[in-house]
Each structure stands twice: as structure tokens, then as C-alpha cells.
There are 4 protein chains.
Amino acid sequence: MIIMMNTPTTGQVNRVMDKLRQLGLDGHSITTADKTIITASGDLSACNPDLYERMPGVDKVVIVAKPYKLASREFQQHNTIVTVGTASFGGENIPVIAGPCAIESYKQLQQAAASAKEAGAAMLRGGAYKPRSSPYSFQGLEKDGLEIIRTVGQEVGLPVVSEVTDPRKVELIAEYVDMLQIGTRNMQNFVLLKEVALAKKPVLLKRGLAATIEEWLMAAEYIMSGGNDQIVLCERGIRTYETYTRNTLDLSAVPVIKHISHLPVIVDPSHGTGSWRWVSPMAKAAVAAGADGLLIEMHPCPEEALSDGPQSLTPGNFAQLMEELDKLTAALGRTVNKKKNK
Amino acid sequence: MIIMMNTPTTGQVNRVMDKLRQLGLDGHSITTADKTIITASGDLSACNPDLYERMPGVDKVVIVAKPYKLASREFQQHNTIVTVGTASFGGENIPVIAGPCAIESYKQLQQAAASAKEAGAAMLRGGAYKPRSSPYSFQGLEKDGLEIIRTVGQEVGLPVVSEVTDPRKVELIAEYVDMLQIGTRNMQNFVLLKEVALAKKPVLLKRGLAATIEEWLMAAEYIMSGGNDQIVLCERGIRTYETYTRNTLDLSAVPVIKHISHLPVIVDPSHGTGSWRWVSPMAKAAVAAGADGLLIEMHPCPEEALSDGPQSLTPGNFAQLMEELDKLTAALGRTVNKKKNK
Amino acid sequence: MIIMMNTPTTGQVNRVMDKLRQLGLDGHSITTADKTIITASGDLSACNPDLYERMPGVDKVVIVAKPYKLASREFQQHNTIVTVGTASFGGENIPVIAGPCAIESYKQLQQAAASAKEAGAAMLRGGAYKPRSSPYSFQGLEKDGLEIIRTVGQEVGLPVVSEVTDPRKVELIAEYVDMLQIGTRNMQNFVLLKEVALAKKPVLLKRGLAATIEEWLMAAEYIMSGGNDQIVLCERGIRTYETYTRNTLDLSAVPVIKHISHLPVIVDPSHGTGSWRWVSPMAKAAVAAGADGLLIEMHPCPEEALSDGPQSLTPGNFAQLMEELDKLTAALGRTVNKKKNK
Amino acid sequence: MIIMMNTPTTGQVNRVMDKLRQLGLDGHSITTADKTIITASGDLSACNPDLYERMPGVDKVVIVAKPYKLASREFQQHNTIVTVGTASFGGENIPVIAGPCAIESYKQLQQAAASAKEAGAAMLRGGAYKPRSSPYSFQGLEKDGLEIIRTVGQEVGLPVVSEVTDPRKVELIAEYVDMLQIGTRNMQNFVLLKEVALAKKPVLLKRGLAATIEEWLMAAEYIMSGGNDQIVLCERGIRTYETYTRNTLDLSAVPVIKHISHLPVIVDPSHGTGSWRWVSPMAKAAVAAGADGLLIEMHPCPEEALSDGPQSLTPGNFAQLMEELDKLTAALGRTVNKKKNK
């Protein structure tokens, strides 16, 4: 923490230094011309700029240490590998999670899963509890949906992930799925994050719609400091002024996260762009940027989908994307799961 | 809903018309030059653009009806008045809610409340359960905080409002406070909104950090469609590229909300700007723009505050602001609560 | 400038200190735990973070001094008063500039000007050279427009302002108008700013559509450092994700500018919101926030306007707004120009 | 254009229909329940929503036709190929433009150019006239810079591109360079666009810092409608709330542009991210997303650069990136220029 003071009196400087000392922090000051700059070091959690910004003589307080610790590359130099059944995130292989936005029926999910598996997907996704902007939209099959996804996952042989939205349902959902998803609207639902931290399941943590990279890592820190370090981050587009695409997929976040954190990061180009037309090019771009996985919406019949049809790939589109990713990852020295008979 | 088709075949147009009919919607089509435009009317909830955007020949689908109903001015022409004890939002009077960000102790809240009351505040605020970006920051006094705010509210004679973050705690908190606050991070926590809809208490619904006005009204619609129509909306700044202020206070939302909805709307210039320095001018601006109330952070000793000190007014600043608001509201034909002995 | 180094070697620290010395800057270093922090002071223009960010061992470089000087409140403590004919910006009085977006004919401008004058406007506006997003839109009457606005201004007795977009036309336009307007799209057209700096006319400098407050003041600094310090800043809405209003009017910029700069700042709620419906409430809010003037689009017949009709007030709307502003400014201890016969 | 009216009277509908007819547009109306919807078709430039939005009974006006014509894929189905000396944009090959932000000296540019050529760059860039946010920053070598870049380009055998900022300098600069660059701050400097339209040189049109894709294509339309259709679009990052990277590189714009326009689009990951660290991964991502070229800042000694040092690659970084792009483009069925001796 750096505290900048403009033409302070000696008394004002002493008062700041005293406060630092009270809180167990080391303070050092330099005075040059009319400015005094105080640097404070020590216990991170005691560095609260709020406590100094209102003190007389203080002009500005800058935090230089990162507010997250467990999620940082400094804390752990090597990559975390998150393993979900037969899929591993953070290594050379790039698992692709595929499936519909919402679970609509056994038949729908079974068709999606079979196509996904055939094309080389590593995991199956599908929502049973859907957070919808409108109270009048389809809210998901709830517990019936969980039964379906567990059954289908076992039948086709793919680990499954589904979203959790209610702290009271975490335990239940964790019984049915292999990985818990925190959706974009719940990234800062700290009550839910604390509950998920207690579950013994890996977590897929989507970036909030307007979250900074730092806030996103702080959300991971909530889960990690609560005892669960099996976290996969997922970039899914941020809100900007541009409306041509539903969101703006922030692919730069991929190399940034890889640099400052040891956690794996995957990309969801379906929500990130909002239209199937841009999903394939952006999936390839994500992989070229260094993503550790992909989350792709795929529906056996997108124009009948109860949710997010416009952004879903058909099974045919998906299979073609997997072929292209196969060549692309080879050129990058990585691999993507591919159909068995290859 | 308007469905635009570019050089469609007759079969493609018929397919769209059939689908509309299946879902009980009325469809009318016009063909001009190479474009066919189909307008559909009927039950709002059946108008799902997702179902048409992927159909062959369809270029674009535009929803023209508002997605919210109960919250709209069309549904109810007259202003909703929300009454919380002695305070009323939505009428000629402009209640000011004041108090610290977090309840820290009986003494702190009591001092804040006494100053607030003395200066003319209509309600007391204070957080017992705090959603904090960092797991290492002060998380609130929880149930002890609720005991304190109820006691202090009764002692000074002000109705109280406090934030609810956990669906499992709604019932408990509702026993202690007169109004439940949904914070900015929970505006789209639909699980929490549904729970709050069941509580028999007025709700203060803050706008999400990057929520559109429409999404904000849809959050109100969740609560209203669940059975609770005592909602006060609160503009508290949105996230933009400008970093000089912590958020960008979107005061235009005030006249917009008054025009399209019957719900009262108040403004929180403290979170909206992030610095005490801009609170008074923006509070006055909010009132001039037509706000139905204000939410002002005030702390007996901001530089000792455990949360949000930089944006809190001192009791002295607050009393002066109330004096200024008194003159301003008179010029606007409205009133602000003022000390009794006036 | 503060240079932060993470576990640097002595050689790395020396290299940074040497570079500072070479450029005539004073460097002081503190080492605490594993961090070294170097503070540099001296000539502002030599403080280029680019030169240090790539040096080995350097983690981050923070500029603490403001990049603008002449425009800062430190440089000049008292408010600058900009006088344009009978209007003065920056004092107790709040001049209102009114008129159509584009000059369409003598008759149109004459009617607008007469109504504006009658209602109490202090200046007349009207565009002769229009920057339009589309090459197919009306581009303005050009020199004929200048003739019209000069004539009409003299006839009704109002100083006039018009936009300049081409460095080759600055001299010409300056002959016809009392104040030169730099539009939002040209705020960082440095070639134009330098030309305007040479003109002996006051400048109305609109904020760029996505400009930070700092960039806006740097644009003023360009004009001031070029020799022209008669600048009135104009907030006109910034681009955000919210689309309900055309732009998001950033009224917080008003108290911020008043605090950090001595230049007057006015507000344009017409472009700021994009609809006549929000113009009056936001004009009042701007004044309550401390604005030094207003810029209001008004057209004798908005539905026939060749540009920006939807956001223009009718003469009747405008006259009513002026009545309301009269009461409001009285409550704030300021004044707005009012019809003479009052 | 679609005009929506809410419970209009017959007179109001007739008035709208009359106005359409006056302007030579075809109008058709449908009335369903309480809404009347009028569709208008005909000459694009006569479709001005401004003219209808204020008419009594009109609720909303939606433009459905694209405002650009010459730049659209409908106007020209096949890709435009822009040829600049030995480089071609828009075909199978992906030219890489490399060089420093600013031309500082013959030696600096010569070293950059030699390294660029050796590594396989197809063009050389370097700014002679620099638009800088601060009037106190280095503004470029101006005409001396032009002499240098022409000489160096001829010596190493690379076509050159440099930025034009002043309409009075277009002719001069066009004599020295093979391609004219319109920088991000000038994307809506329509005076400059019109001047560049008259030059007989290809144009590199950077996206404005907060421009929508539509506004960007409208800027291209200005140049095309002025007679110059040799335009290469360049995505270079947009302004968002995220500050970890200098801008947010909007790679989704690449597939979008390829879909709606026939013009080639390249990507500048240097300005797009602001740090050399993210340049290589984002360059690869750009190519995987379908970009038709790259613009990469490279400096022989970035820590001595007078401008944008932090985002410049060293010659070594650049050579490595070119090796990686060689493999990547092969997997995508495209090619990147490579050193001759390969």
C-alpha cells in the first residue's frame, strides 16, 4: 500500500504512521519537494485504503499488492490440474464440454450427448435450474433434470456439469453431477460461493457479466479460502457498448489469467457471442490464445430449443468444429479429445 | 414481435406462420420488394425470439412489447406509494435514508442514528450481512448487527432497512427490519428475489452494477409476480470505462423509470460516486431529476469506518446537505423531511 | 512517478536510478521485504512510464502527478470566467445556449432564435458544418449557414456558437461566430485543437464520446498550451452499455471538474440523453450538480428537423424549462437569464 | 424502416403515410389489436427515423436496413483484395505489418525494418505524425520521418504505411508511403476521411476506440462513397471497464466483419492489449478467428522507445511469433509471409 500526501504537516504524517503501527504494518516515508510518500508493508488484510483516504493530508492511496493470494501464480508456481472423471483441465489436453443450455427431456439430452461423445467432447453440460431474466421464461426441469443428466452421462460415458443457483441445493446437486457450475450472475453471490467451497466437487466458475479479472480471481479466492481448490475459470464475454454480438468475448483474459494465476481457464464462445455463427471462429481463437478448454452449446434441434437456441451449434456444426480443432491443437503442440475410432 | 425475412421462399414464410399459430399467436405478413415482415401478437410469454431466429429465411427478430408487465406504467397508471413506518416513497415528500455502510457497534450506530434523525433523515440504514469482494474483509456483525439496528431504530424512532444476501436468512432478517434491501450484486439472484417476494416487507431493490434499466425492472417483476408489490428501486451507479468516480451515477434512469414504471425510484450517490466529495452535489442533482428519495452513507467517524469510509458523509456534512435539500425541494414543489423543531 | 520493483537485483535498481538521473529527475528508493519502491520527481514531461515499464526488475509504474498543468486547479486557484459577448460562463449566472442542431434556413433559425431570446437564452447555437455518421445524411449549409447565424444572432441580439470540424476552416468560421465549438468526435483531433488554439475566440470543448475526464482536460491543455485559455468544457453524455438513453449523461463529471480544474463546465442534456422527454429533468439536475451553463437543442418544429429532431425541445417546452430553472437557480443562490420584461 | 404506433387515431396513421409518400417511400400498414405497424421501403437515404419519432401516435421507429451500402456483403459478394506493393490483404496469405510506433531515427527504423523483413514481415509501419494525448509528449519527426520511412522501405524492400492526421498533409504523405493509416482517434474525422477518399492510395482504417462495428463500416463507406475502395479495416481494441489490459481486443469483430462486409480486416494486438506479454497469444488468436493480416509493434530496443515501448516486441520475440504463425496458418489452410531462405 502506498499513501500519497500533498504538502502534509508533520503532525499529519505522524498520524498516518501511528495508524499503520497500530495495525501492525511497517511504514516508511520519503519526502520530496512538497509530497510525502509512505509505503506500508505487512499483513495484506490489514491494508485497507479506506482507513487512510479520509485522513487529513492524504491525497491518494494505492494498493500495489494483489488482493488475492491462494489463486495467484506467486502462491503456486505450477499449473493446477483439475480432474473431472476422465477430463483434465490445465494440462496439454484441451477438454471440450458440450451440451444444451437447458435440459428439456431425456430424449433431447440423450441425442445431444451421443453426438457430443461421437464428435470427441470430454464432458456433457445441461442446466436443470436455470437463472432466467424473466420470471415468465422456462425455469428448468429442476430435480427431474438432474436425474436425466446423471442417467445420460452414465449411459454415454461422459462426466457431467450443471449449474447451482441456490445455496440450499448445493448438496443435492453435488450428488448428481461431477462438477458444479457457478453462473455469470452468481459470480459475486458470496453466500453461494461459501457453500460451494464446502462441496467436494470441482467448480466451473464463470466470469461475471461485468466483472474485472481481479474480481473474478477474488471469487475464486472465496472458494479456495473455504477449502475447495478444484476450480476451472470460464471466460464467457463481458458487457460493453457493442451490441452486434450479445457480449464481447474478452480473449485477452486467457493469457492474463495464465500469467497471474495457476488455475485453468476455459472459454465459452456460445454465451460470449450469442450467435452460432461466431462460435466456431471464436472457439478456435480461444484455443490459439491458450485456453485450457471450451464450453460449447449444442442442441439436437436448435430451432426448437427452450433456451438459447440462436447460439447453439447443431451436432453437424459441432463435429466439424472438432475436426478443425484437432488440426489446430496439433499445430500448437496440444490435443483436443477426438472420436475414439480415430 | 416482428420477424424480418430476406427474400424468403413461400415455404419458409408458411413455416413461420405455422409455428406462430401452433403457439397461439396471431401473425400478419407484408411483403415489399425482397423483404417479408411478419408481425405477431398475443400472449407475451409465447413470444420467444429464440424460436424463430434459427428458422430458414429469418433475418432478424425484434421484440417490441416490454418484457415486464406488472412493473409497467401501462399496467398501473398511478404512482405506487411504498410506506415504511413513517416514511413514504413515491409521493410529494422525498425521504432520506441515512446511516453507515456496516453496523460496527451499538455506539457507532446509535451516534449515526441520532445525527441522522436530528438532521431530518426519514429512515436508518446499516448492513449486518455484508457482501464483500474479498473473503478477508469484514463480513458484518450478522445477527448481532440485526439486534443493534432494531434497538437503535426503536430508540431514535426511525424505521430501518438492512441488506439480505441469503435466501435462508430472509425470514430472520424480516423480523428485525422494516424494509429488506437487495444489493447490487444480488439484483439477478433470482432465488433470493423469489424468497423476498414471499416476505411481507417492502423491498429496496438496487440496480445491478451493469444492469440495463430493462433488466432492473425485470428483477422487480420477479418480486411482484411472486406476490410482493412494495418495491422501491434504487439507482446506485453503473460500471463504465470512467474510473475517476467509482461508478457512473446514471441519473437519466430517474426520469426514464418515472415514465415507464409506476414504482418509486431513489438514488444512492454514495456508492454511485465512491467519494464523499461528490455526494452532496449528486444528491441535489438526483432530487432535481425527480428522485423519490435518497440513500446516503453517513458515519460518525468516517476515517475509522470498517467499510466504505471514503464515501461516507460526516454528521456535519449530512446536516448541511439536508439544509440545502430543504431549499431545493421547496423550489421544486416537493419536501424533504426536516428536524421536528423547525 | 512511482516505480515498483519486485525482488530486484542491486544492478537493476541502479539502472533505473541512472536512467532517472540522465533525464534530470530526482529518484529516491525504499526497500522493504522483497520490494523496492522508487519515487521520482522533477519535470513532468520527462516522467514517461513507457521508459521504465520494460526495464528488468520493474513490476509497475504509476504516475501520480496529473498530466495536465494549465487546466488544473493547482495552477490557477480561482475560477476562469469565459465571456462571450453578453454571456459569462463560470460565475454566479448560468447562461443557457439554445438553438437547433443544424441551421436549415434563415426562417428556421430566426424563429428558433426569437423564441430562445424571448424565453431567456443567453446564446444561440446552430451547426453549419455537420459531422454526420453517414455520408448520405445532410451535411450542413456550410458557408451559407454561417451567413445565416451571424445575421440572426445580430438581429435578435444573441452571441452565437457554431462547430468547427476542419482546420482549414477555423479562420473563416471565427469571422462569423463568437465562440467555436469542438464537437465530441473531434475532442482528440489534435490538429484541429492546435488550430483553434491560435484563433482569438472562446472555445466550447465537448467531451469525447468515450473520453475520460483526464483525456478531456488534456484536450483543453492542448488548446491552452497553444495560447488560448478561453475554454468552456461541455459534458454531453458518454457511451456505456445502457441503450435506453442514447448516451449516459455523466453529471458526476461536473463536481469533479469544478474540483480539479478552474475552467467552467456546462452540460448538454439534449445529446446526453437523445430524447426531448429527458431533457428538462436532466437540465435541472445539471444545474443542481453545479453546472456553469446549459446547451439545449430547440427547434421551431422538431418533427421537420433535418437532424436530431427527437431530442429537440419545442419553443413551448423550452420556455417552460426556463421558468423552472429560474426558481431552481434562486434556491441554489445562482441565476439563469430570463426574459427581459420580468 | 418500421414505424410502430400505439393506439393511433386514423388521422395520425394517415399523417405518417402522407409523409412517407412525400419523400418517395412505399408505406404499408398492419393494425393488430391496439397497435399499428407501418413498414416503409424505398431509397435508403430518405429513411430518417428522426422525421417520424416526434409525430403524434408514433411509439418507436426501427431501421432494419443497414446504413452502409458499398461496404456491405450484399453489395459485393466476393472478398475485396487490397494490394499494397508485394502485400495482398483479403486472400489466402496473411501479411504481417511490423515496425515501431514512432519513427525516431534512420538507425532505429533501419534496424526494425531489417529484423522485420528477416522474420517474414510483409510491410513496414512507423509514425511520422503522432497523435498524442498530451501536448507535452513527442509528436513525431514529421516530414523528416517520412523521408526516413521511404528510404528504409526501399532499402529493405518492404512497402510502408504511415498515419495521416491532417487533411492538409494527405497529399504530401501519399507521396512518401504506399498506404495511408487513419488512426483510432480519427475514425470519425469525416473531413480527413473525405480527403483520403481522393488519394490514390490504399487506406488502413483503424476502428475508433469506442466505435460500434456499424460506425466503423460507415467510416469505410465515407471513403468508398468518395471514390476510394482500397480499404483494409483494423481492429485494435475497444474501451471497456476492464483495465487489466489497456483496451479490450474485440476479436469477435473479425468473423462479424467477414460476414457482413467484403473488406479485409486485420488485427493490431499491440494497441489492443497494451503489453508485449499478450501480443503473441492474441496475434495467434486473431489469425485463428480469421483475420486477414496483423499489425505488430516491434522496436529494436523497446525500453528506449519514445512511444509505446511497453507494448512493443523485440526483434527476437517477433521472429519467434512468426515461426509460430507459420505452423498455425498451415493448420488453417492459409499462409503467413516467412523469411526468404526458408
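Computed from a predicted model, the values in this text were never measured in an experiment. Every heavy atom of this structure was used, including side-chain atoms; hydrogens, water molecules and symmetry mates were not. Reminder, nothing fancy here: chain letters follow the sequence lines and each chain counts from 1.
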Query - Residues from residues 234-244 of chain C approaching chain B under 4.5 Å (heavy atoms) - result: C/Ile238, C/Arg239, C/Thr240, C/Tyr241, C/Glu242, C/Tyr244
Query raised in the report: Any residues in residues 249-264 of chain C near chain B, with a heavy-atom distance under 4.5 Å, and which are they?
Result: C/Leu249, C/Asp250, C/Leu251, C/Ser252, C/Pro255, C/Val256, C/His259, C/Ile260
Report summary line: When the 4.5 angstrom heavy-atom criterion is applied to C/Ala291 and chain B, the contacting part is neither
**Report entry** Which atoms of C/Thr273 approach chain B - backbone, side chain, both or neither, heavy atom under 4.5 Å
**Finding:** side chain
Query raised in the report: Looking at C/Ala210, C/Gly290, C/Ala331, which one has more heavy-atom pairs under 4.5 Å with chain B than the rest?
Result: C/Ala210
Query - Top contributor to chain B interface from C/Ile213, C/Leu332, C/Thr245 [non-hydrogen pairs under 4.5 Å] - result: C/Ile213
Query - From C/Leu328 atom CG to B/Lys327 atom NZ, the distance as rounded to the nearest 0.5 Å - result: 13.0 Å
